[in-house]
Colleague: 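Handing you a structure now.
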Amino acid sequence: MRLSSTLQRTKVELPDPPGPIRMYFCGPTVYARAHIGNARPFILGMWLRSWLRERGYDVTLVHNITDVNDKIYEAAPGASAELAERATRWYLEDTGDLGLGQPDELPKATEHIPGIVRFIQELIDRDFAYAVDGDVYFRVARDPEYGRLSGQRPDQVEDQEPNPRKEDPRDFALWKANKPDEDTAWDAPWGRGRPGWHIECSAMAEELLGPCFEIHGGGLDLVFPHHENELAQSRALGHEFAQIWTHNGMLRFTGEKMAKSAGNIVSLRDAIDRWGRETVLLFFMTAHWSKPVDFSDETMAQAQAQWVSFQGAFRVSRSEPPSDEWKRFVDALDDDFNTPNALAVLHDWRSRGYWYLLDQGLELFGLSLPPMAGTGLDVERIRRERDEARKRRDWARADELREVIRRHGLDVVDESDGSRLVPL
RNA sequence: GGCGACGUGGCCGAGUGGCUAGGCAGAGGCCUGCAAAGCCUCGUACAGCGGUUCGAGUCCGCUCGUCGCCUCCA
């Protein structure tokens, strides 16, 4: 199994034989309902965990919730904690409705303040950070390797708004002093305030997973500065942060990145309600995770047509696959988690009637074929009765009995040597 | 200004130098009491221009275009 990694700029092999895999996927800032673009790293993380477990790895997935942040203060002046709590519930509901389960840990920044404070203190002790007027900043100039992940050179980074408290414009905040209109704050040795954005991930990831864990994921838009800064913070403590860095491509809508700030939003909630969770999942399977993907009515309709086709899988006569057939699926996914290629294998299995393999494959992605509900003796009896009617060429009676079967939630498919019950 | 991603047939989308990707949509045909599924055939794709090579969608260079980051955007 290998994965494309931004840090090495190539595909990196995972440990073989399989061992523990610790994964951290950057989660949402909770100030509004998540849009479908936000769902991509969540889905990728859950799928990867599912696949790695299938391949024998012992996986732990941590997915953080950023519940203290400028955007939350702006969105709900004086009531940021309430908004964060509500938006967290939305996120858990909406991602839960994807039917992929939950990450192993969903740490909130506000519940890990002591660890964050300790982390910052150690950076100060090591001279990698300095406190000014209640703020604390990371000293970028102290890190000769700053920019290794993103390829950015500190001296080429565009000037930000001048901040006289910073020694250097490239320095970034680890701690921000409490302001009058901010309704949440915690005590720290250098003053009352709250953590900066980047430090929470470093602190929580290392607290829950330990240093130098295996896989770090997130959106491509987080490479710089967010992930670069996470990396710098950990390196300042004397070790690497993560080994493999996966960055999923952006979801585009109406020609540009779907983003709350751009206003071209379709919420995950609305997408699930309109298209169904299976179509949303299949949509993300159609493109490789590292590439941009266009969301539109047309691409969603195509994904939905694929789902309809899979749902009819039992209508194809079952046949026995070759013994090494599963390997085709494994090969596709082990090579950089190539879901489009895996999807092609699933389509092939569907048309060949490899029911069991198809079901196994889909299940790893949170999809399941319709169950053969309602199969009872009575339905089976009606099926045989209809077969008899067809032998008599009593088509009217046969069609009548098919309607009866359909009322039981099943359909009947005629084949050369008889008939078969299938999900409707 | 710097860093990065991407440009494949009507649409979506794989492809890491030579062998049919796959899906969706469309046309014709076979099969079929009906229905469903399936099968066959068709439309001769790789942004452009050079180069390397026996051979390039795949490597190199240049050009054009789209998008992203450098603002606490997944």
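Lettering follows sequence order; numbering is per chain, from 1.
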Colleague: Could you check which residues of residues 30-52 of chain A get a heavy atom under 4.0 Å from RNA chain B? Sort them by number, please.
Modeller: A/H35, A/G37, A/N38, A/P41
Colleague: Is any side-chain N of the basic residue among A/R33 and A/E93 closer than 4.0 Å to the acidic one's carboxylate O?
Modeller: yes
Colleague: Any chance the rings of A/F337 and A/W289 have centres within less than 6.0 Å?
Modeller: no
Colleague: Identify all side-chain donor-acceptor contacts of residues 313-320 of chain A below 3.5 Å with residues at least two apart in sequence or on another chain.
Modeller:
{"unit_1": "A/R315", "atom_1": "NH1", "unit_2": "A/D411", "atom_2": "OD2", "d": "3.2"}
{"unit_1": "A/R315", "atom_1": "NH2", "unit_2": "A/D411", "atom_2": "OD2", "d": "2.8"}
{"unit_1": "A/S317", "atom_1": "OG", "unit_2": "A/E415", "atom_2": "OE2", "d": "2.4"}
{"unit_1": "A/S319", "atom_1": "OG", "unit_2": "A/R352", "atom_2": "O", "d": "2.5"}

Colleague: Rounding to the closest angstrom, what is the interatomic distance between B/rA14 and B/rU53 at atom P?
Modeller: 32 Å
Colleague: Can you pull the salt bridge (charged side-chain N to carboxylate O under 4.0 Å, His left out) pairs that have at least one residue in residues 282-298 of chain A, sequence neighbours excluded?
Modeller: A/R252-A/D294, A/R274-A/D297
Colleague: Mind checking whether A/W349 and A/F329 have ring centres under 6.0 Å apart?
Modeller: yes
Colleague: Would you measure the distance from the P atom in B/rC6 across to the matching atom in B/rC59 and give it in whole Å?
Modeller: 11 Å
Colleague: Ring of A/F128, cation from A/R139 - is the NZ or CZ under 6.0 Å from the centre and inside 45° of the axis?
Modeller: no
Colleague: Between B/rU41 and B/rU52, how many Å separate the two P atoms, rounded to a whole number?
Modeller: 39 Å
Colleague: Mind running a 4.0 Å heavy-atom check of residues 68-92 of chain A against RNA chain B and sending the residues that fall below it, in number order?
Modeller: A/N69, A/D70, A/K71
Colleague: Which residues pass the salt bridge (charged side-chain N to carboxylate O under 4.0 Å, His left out) test with A/D331, sequence neighbours left out?
Modeller: A/K327
Colleague: Return a single string for nucleotides 36-41 of chain B, one symbol per nucleotide in 5' to 3' order, where B is base contact, S is sugar-phosphate-only contact and - is none, cutoff 4.0 angstrom on heavy atoms.
Modeller: BSS---
Colleague: Give me, pair by pair, the N or O atoms of the protein and of nucleotides 27-30 of chain B that are less than 3.5 Å apart, along with how far apart they are.
Modeller:
none

Colleague: Can you tell me how far C1' in B/rG7 sits from the matching atom in B/rG57, rounded to whole Å?
Modeller: 12 Å
Colleague: Hey, can you pull the donor-acceptor pairs under 3.5 Å for the side chains in residues 74-83 of chain A, sequence neighbours left out?
Modeller:
{"unit_1": "A/S80", "atom_1": "OG", "unit_2": "A/D183", "atom_2": "OD1", "d": "2.7"}
{"unit_1": "A/S80", "atom_1": "OG", "unit_2": "A/D183", "atom_2": "OD2", "d": "3.4"}

Colleague: Given Watson-Crick or G-U pairs with both distances under 3.5 Å, what dot-bracket string fits RNA chain B, with | for other-strand pairs and [ ] for crossing?
Modeller: ((((((((.[[[..)..(...]]].(((((.......)))))....[[[[[..)....]]]]])))))))....
Colleague: State whether A/F172 and A/K166 meet the cation-pi test: NZ (Lys) or CZ (Arg) under 6.0 Å from the six-membered ring centroid, and within 45° of the perpendicular axis.
Modeller: no
Colleague: Identify, with sequence neighbours excluded, every residue that meets salt bridge (charged side-chain N to carboxylate O under 4.0 Å, His left out) alongside A/K71.
Modeller: none
Colleague: Would you indicate which nucleotide in B/rG15, B/rA74, B/rC24 comes nearest to any side-chain atom of A/N338?
Modeller: B/rG15
Colleague: Where along nucleotides 2-12 of chain B does protein come under 4.0 Å, by heavy atom, of base (B) or sugar-phosphate alone (S), with - for untouched nucleotides?
Modeller: BB---S---BS
Colleague: State, to 0.1 Å, how close A/F295 and A/F253 come at their nearest heavy-atom pair, and which atoms those are.
Modeller: O-CD1, 3.1 Å
Colleague: Taking side chain as C-beta onward, heavy atoms only, is A/E230 less than 4.5 Å from A/I199?
Modeller: no
Colleague: Is there a donor on the side chain of A/D399 or the base of B/rG33 sitting less than 3.5 Å from an acceptor on the other?
Modeller: yes
Colleague: Which residues satisfy the salt bridge (charged side-chain N to carboxylate O under 4.0 Å, His left out) test with A/R269, sequence neighbours excluded?
Modeller: A/D94, A/D97, A/D273
Colleague: Side chains of A/H198 and A/E228: any donor to acceptor distance under 3.5 Å?
Modeller: no
